[in-house]
Q: 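Just dropping this structure here.
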Amino acid sequence: MDLFINQLHGFSIALSPLNLLYAFVGAVLGTAIGVLPGLGPATTIALLLPVTYTMDATSAVILLAGVYYGAMYGGSTTSILLNIPGEAASVVTCLDGYKMARKGRAGPALGISAIGSFIAGTIGVFLMAMVAPVLARFALKFGPAEYSALVICGLLMAVYLSEESILKGLLMMLIGLLLGMVGIDPVHGEERFTFGLLRLTDGINFILVAMGLFAVSELLVNLETPAGAADIFKTSLKGVLPTRDDWQKCWAPIFRGTSIGFLIGVLPGGGAIISSFMAYAVEKKFSKHPEEFGQGAIEGVASPEAANNAASTSSFIPLLTLGIPGNNAIAMLFVALMIHGIQPGPLLLTEHPNLFWGVIASMYVGNVMLLGLNLPLIGLWVRLLKVPYHFLAVLIVVIVMIGAYSLKNSAFDVGMIVIFGVFGYVARKNGFPFAPCVLAMILGRTLEQSVQQALKISGADLMIFIERPISATLLALIVLVVLIPIFKRVWKRTC
Amino acid sequence: MQNKRDVIASVFLIVIGIAVLLWSIRLQVGTLLRPMPGFFPFWVGFGIIALSLVLLVQGWRGRGKAPKAYGNWQRPLIMVAGLAVYSVVLDPLGYILSTLFIAAITLRILGVLSWKMIGVSSLVLSVSVYFIFTRLLGVELPAGILSFLG
């Protein structure tokens with residue numbers, strides 16, 4: 001009953017004209033950047049952060065969240081029509097989606113991916129509304145010992161679940177911790193790594209790092225081989241509605257994809273990309289005709305698209321209940337909340353119920369909008385690909401530079417963005433994953449604080465981390481996460 | 001085959017790690033049960049060095065995935081140089097002139113060939129963005145030497 005009342009209350013917030021507008025803008029922007037291969041959701045949210053300074057916190061999150069899950073809708077379009085994934089999470093969709101388009105079935109492929117996304121997104125939001133309050137209540141019991149274990153567990157999972165090398169992921173995590181240490185030490189109040197620069201005593205502003213790491217480095221990568229105007233192969237887009245036969249084939253895969261996506265999305269470092277690959281593999285196993293996969297099987301489009309949407313939805317859960325952002329885009333939302341003076345974590349739900357339920361309701365609304373935006377208007381989005389890249393590039397440069405400057409009216413910050421942009425570019429080029437660095441930088445200070453608090457409570461006794469059941473479980477999980485790849489390697493060598 | 005880039009990266013990171021170690025010793029390390037400000041930085045620096053050594057050995061033996069090739073690296077390089085100059089001249093020259101310059105560079109390296117086209121679009125862009133942001137959105141941007149324009 002509570003759930004019902006809370007959601008109703010949420011709708012009263014999300015349906016206010018202004019918030020409807022923000023949800024709509026978010027959905028439109030999200031779809032657009034999902035279609036454009038040169039712009040990812042994390043970059044877009046970083047670019048939008050300065051715009052949200054003056055907005056109400058709830059509206060800001062409604063807008064930015066819309067960009068994130070909207071991108072999951074848009075990403076499939078280019079995968080299907082051009083064999084170019086608009087988003088990393090839509091890579092799998094290329095396999096069968098593009099084949100379907102080649103066979104003249106682009107319409108149903110686009111249709112089923114939009115409908116699958118809608119079903120998955122809606123179920124995902126509903127499950128989130130049920131699970132999140134329970135998890136938040138549970139997390140209220142967390143003391144500094146549990147929190148320390150949780151952060152370490154989250155960081156390590158982000159490293160071990162990323163597709164890049166674990167070694168490089170760990171290094172990036174340490175670099176992130178190091179960047180987070182610049183400024184005044186949270187426990188003793190001493191200056192660390194400031195090089196005597198007054199501008200660094202407050203620490204490195206996270207927005208600068210985010211803009212440099214995501215926006216500038218993405219720009220630099222795109223400059224290497226600027227995409228020419230895309231060569232869209234001509235196909236009739238008539239009849240986006242799947243046939244009855246398609247439905248019969250797809251309803252089960254959509255639900256399986258949704259479950260996989262929802263579960264994986266909750267894990268830090270999991271999220272949309274991995275879940276879509278897993279959903280595809282599972283569907284291939286379940287199918288009575290696995291040989292059709294890769295040749296244009298509609299299940300191979302429906303399930304991964306459902307999975308990436310459910311995952312992008314459920315990845316909000318650890319952010320809003322535990323204060324642990326699981327991927328780059330969600331990390332940007334973490335920053336957006338911090339800008340508005342809201343600490344993401346177990347207290348968010350009780351201290352800012354309007355924000356929580358308003359955002360949840362806006363996600364139902366946003367998914368309906370996205371279905372409407374994507375099904376009939378697909379032709380319009382595809383035309384976006386004809387926008388020449390230099391137009392986009394100039395726009396990104398201008399927005400990034402104003403965003404950096406306007407933080408403190410300082411050209412020093414503009415220089416910082418350039419430095420982080422170069423760092424991000426080199427990291428991208430050499431297979432060093434970002435997510436662990438970003439997450440470690442965000443969580444590092446609180447980690448240091450809570451470890452020291454835990455030790456203070458216990459009277460400098462390390463047993464506090466093992467004696468408390470939740471923290472002990474998390475530590476066991478950490479050991480497991482670290483050991484599994486080692487076992488795998490030994491296994492491989494002996495066989 | 002050695003993985004040269006991993007070797008370079010690891011050497012670079014080892015240098016950083018050593019610097020961090022030295023700095024944190026100056027901050028005082030303390031012990032696990034009585035950590036001082038340098039405690040966490042010390043172990044982070046230690047971790048960076050240890051992991052970089054592993055990366056160094058792996059890279060030397062040619063293990064690890066082959067790195068992504070650099071495409072046309074001149075364009076990113078010009079862009080970075082341009083942005084660096086931008087951050088230096090932004091205050092003295094002002095927003096409009098600096099942005100005119102960086103927009104022109106961006107368009108030029110992305111293959112817009114006609115200088116007339118570059119000039120006109122950069123000028124329109126920088127002037128309109130300046131007035132939209134300062135007048136309509138209330139964002140402060142440096143006026144620089146064009147401050148007489150108001």
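Remember, predicted model here, so these are calculated numbers, not experimental data. Chain letters run A, B, ... following the sequence lines, proteins first and then strands; every chain starts at 1. These values consider heavy atoms only, across backbone and side chains, with no hydrogens, waters or symmetry-generated copies.
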Q: Between B:Thr106 and A:His390, does the side chain to side chain contact (heavy atoms under 4.5 Å, CB included) criterion hold? Intermediate values first, please.
A: CA-CA 7 Å; B:Thr106 312; A:His390 57 250; over 6 Å; no

Q: Given heavy-atom pairs under 4.5 angstrom as the criterion, report whether the side chain, backbone, both or neither of A:Leu170 touches chain B.
A: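 Both parts, backbone and side chain.
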
Q: Tell me, side chain or backbone of A:Glu448 under 4.5 Å from chain B's heavy atoms, or both, or neither?
A: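 Both parts, backbone and side chain.
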
Q: What's the separation between atom CD1 in B:Ile48 and atom CG in A:Leu174, rounded to the nearest 0.5 Å?
A: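 Going from the CD1 atom of B:Ile48 to the CG atom of A:Leu174 covers 5.5 Å.
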
Q: May I ask you to check whether over 12 heavy atoms, not counting those of B:Phe46, lie within 6.0 Å of atom CZ?
A: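 Counting neighbours around CZ of B:Phe46, 12 or fewer heavy atoms of other residues, nucleotides or ligands fall under 6.0 Å, so no.
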
Q: Kindly compute the distance separating CG (A:Asn409) from CG (B:Leu141), expressed to the nearest 0.5 Å.
A: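 It comes to 8.0 Å.
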
Q: Among all residues two or more places apart in sequence or in another chain, which pass the ring-ring contact (aromatic ring centres under 6.0 Å, His included) test with A:Phe193?
A: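 ring-ring contact (aromatic ring centres under 6.0 Å, His included) list for A:Phe193, sorted by chain: B:Trp23.
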
Q: Please examine the side chains of A:Phe412 and B:Ser87, heavy atoms only from C-beta on, and report whether any two atoms are closer than 4.5 Å.
A: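 Contact flag for B:Ser87/A:Phe412 side chains = no.
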
Q: Side chain, backbone, both or neither: which part of A:Val418 has a non-hydrogen atom closer than 4.5 Å to chain B?
A: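 Contact with chain B is through the side chain of A:Val418 alone.
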
Q: With a 4.5 angstrom heavy-atom cut-off, is it the side chain or the backbone of B:Val129 that approaches chain A, or both, or neither?
A: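 The answer is the side chain of B:Val129.
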
Q: Could you check whether atom CZ of A:Phe391 has more than 12 heavy atoms from other residues, nucleotides or ligands sitting under 6.0 Å from it?
A: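 Counting other residues, nucleotides and ligands, CZ of A:Phe391 stays at 12 neighbours or fewer.
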
Q: Quick one: of B:Pro35, B:Ala103, B:Ser126, who has the most non-hydrogen atom pairs under 4.5 Å with chain A?
A: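 Between B:Pro35, B:Ala103, B:Ser126, the count favours B:Pro35.
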
Q: How far does OH of B:Tyr86 sit from CD1 of A:Ile417, to the nearest 0.5 angstrom?
A: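 Taking OH in B:Tyr86 and CD1 in A:Ile417, the distance rounds to 10.5 Å.
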
Q: With respect to chain A, which residue among B:Asp91, B:Thr99, B:Ile105 yields the maximal number of heavy-atom pairs within a distance under 4.5 Å?
A: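 Option with the greatest count: B:Asp91.
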
Q: How many angstroms lie between CZ in B:Arg26 and CZ in A:Arg192, if you round to the nearest 0.5 Å?
A: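 Answer rounded to 0.5 Å: 13.5 Å.
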
Q: Among B:Leu55, B:Val88, B:Leu77, which residue has the highest count of heavy-atom pairs closer than 4.5 Å to chain A?
A: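 When all of B:Leu55, B:Val88, B:Leu77 are compared, B:Leu55 has the most.
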
Q: Quick check on A:Ile419 against chain B: is it the side chain, the backbone, both or neither that has a heavy atom closer than 4.5 Å?
A: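 Contact with chain B involves no heavy atom of A:Ile419 at all.
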
Q: Taking side chain as everything from C-beta outward and backbone as N, CA, C, O, which of these in B:Phe133 sits under 4.5 Å from a heavy atom of chain A? Side chain, backbone, both or neither.
A: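 The answer is the side chain of B:Phe133.
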
Q: Is the side chain of B:Arg75 donor-acceptor paired with the backbone N or O of A:Leu220 at a distance under 3.5 Å, no angle test?
A: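 No; judged by distance alone, with no hydrogens or angles, the pair does not exist.
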
